[in-house]
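What follows is a short report on a single structure.
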Amino acid sequence: MGIIIRLVITAVSLWIATLVIDGIDLTAGSTTGKAGTLLAVAAIFGLVNAVLRPIIKTVGCGLYVFTLGLIAVVVNGLLFMLTSWIAGQFDLGFHVDHFWPSAVLGALLVGIVSWVLNMLVPDGGDD
């Protein structure tokens, strides 16, 4: 159940990013199409982060230390662009135009909104 809640929270975060940030577009026609696209993109985003983030952090550990963690903003933007590319390969109506500022700000916004919503919505693990 916790995975489904996190998927929905990420989808809501992506939807907010499409509303707030220019350059992040959701082009599905109907409301159900948009919801389905957002859920699919949220699943892709979760898989990309789960698979690539640990590898990147391990390989780039020195760069993370050298930049005091600020390289994480660049990495998050690149992972967001990768998510957009993968969504395009599946003909999903989600597109990020440019790395700066769209992908970087989108990744930051999705991260912050997801964090806030995860704090507000219990996932059942605290019982």
Side-chain angles (χ1 to χ4, degrees):
M1 188 67 173
I3 292 173
I4 294 171
I5 291 172
R6 290 180 198 274
L7 184 69
V8 170
I9 286 173
T10 304
V12 169
S13 301
L14 288 166
W15 174 66
I16 291 171
T18 62
L19 297 176
V20 173
I21 298 174
D22 291 332
I24 301 177
D25 301 315
L26 181 62
T27 58
S30 65
T31 303
T32 56
K34 288 180 181 180
T37 299
L38 286 170
L39 287 171
V41 172
I44 292 169
F45 191 59
L47 285 172
V48 165
N49 279 319
V51 172
L52 292 179
R53 184 177 304 252
I55 296 168
I56 292 170
K57 282 187 174 184
T58 302
V59 171
C61 181
L63 200 51
Y64 275 85
V65 171
F66 182 68
T67 63
L68 302 175
L70 291 176
I71 193 70
V73 174
V74 174
V75 169
N76 287 340
L78 290 172
L79 292 176
F80 204 66
M81 288 290 293
L82 179 62
T83 300
S84 172
W85 180 79
I86 293 170
Q89 298 302 308
F90 288 107
D91 290 328
L92 296 172
F94 181 82
H95 180 69
V96 179
D97 287 337
H98 303 288
F99 174 74
W100 179 258
S102 302
V104 172
L105 292 179
L108 283 171
L109 183 64
V110 167
I112 291 169
V113 171
S114 294
W115 176 70
V116 169
L117 291 177
N118 278 315
M119 296 290 287
L120 296 176
V121 177
D123 61 356
D126 297 335
D127 293 340

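Predicted model, so just to flag it, every value in this text is computed and none were measured.
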Once you round to the nearest 0.5 Å, how far does OG1 of T10 lie from CG of N49? 8.5 Å
Under a single-linkage rule joining Ile, Leu, Val, Met, Phe, Trp and Tyr whose side-chain heavy atoms are separated by less than 4.5 Å, which residues share a cluster with V59? I55
Identify the heavy atoms of A43 and L7 that sit nearest to each other, and give their distance. N-CD1, 3.4 Å
Considering all heavy atoms of both residues, which atom of S102 and which atom of D22 are nearest to each other, and what is their separation? OG-O, 3.1 Å
List for me each residue that meets side chain to side chain contact (heavy atoms under 4.5 Å, CB included) alongside D25, sequence neighbours excluded, and say none if there are none. T27, D97
Those residues that, when tested against A17, pass side chain to side chain contact (heavy atoms under 4.5 Å, CB included) (two or more places apart): I24, L109, V110
Enumerate the side chain to side chain donor-acceptor pair (under 3.5 Å) contacts for residues 28-43, please, sequence neighbours excluded, ordered by first and then second residue. S30-T32
Side-chain donor-acceptor pairs under 3.5 Å in residues 63-88, sequence neighbours left out?
from, atom 1, to, atom 2, distance (Å)
T67, OG1, L63, O, 2.8
T67, OG1, I71, N, 3.3
N76, OD1, R53, NH1, 2.9
N76, OD1, R53, NH2, 2.9
N76, ND2, A72, O, 3.3
T83, OG1, L79, O, 2.9
S84, OG, V96, N, 2.9

Could you give me the CA-CA distance, side-chain angles and deciding distance for I9 and I5, then say whether side chain to side chain contact (heavy atoms under 4.5 Å, CB included) is met? CA-CA 6 Å; I9 286 173; I5 291 172; 3.8 Å; yes
ring-ring contact (aromatic ring centres under 6.0 Å, His included): which pairs involve residues 2-41, sequence neighbours left out? none
When you look at CD1 of I3, are more than 12 heavy atoms from neighbouring residues, nucleotides or ligands closer to it than 6.0 Å? no
Verify same cluster id: L92, L47 (apolar side-chain graph, 4.5 Å): no
Would you confirm whether S13, through its side chain, and S114, through its main-chain N or O, come within 3.5 Å as a donor-acceptor pair? yes
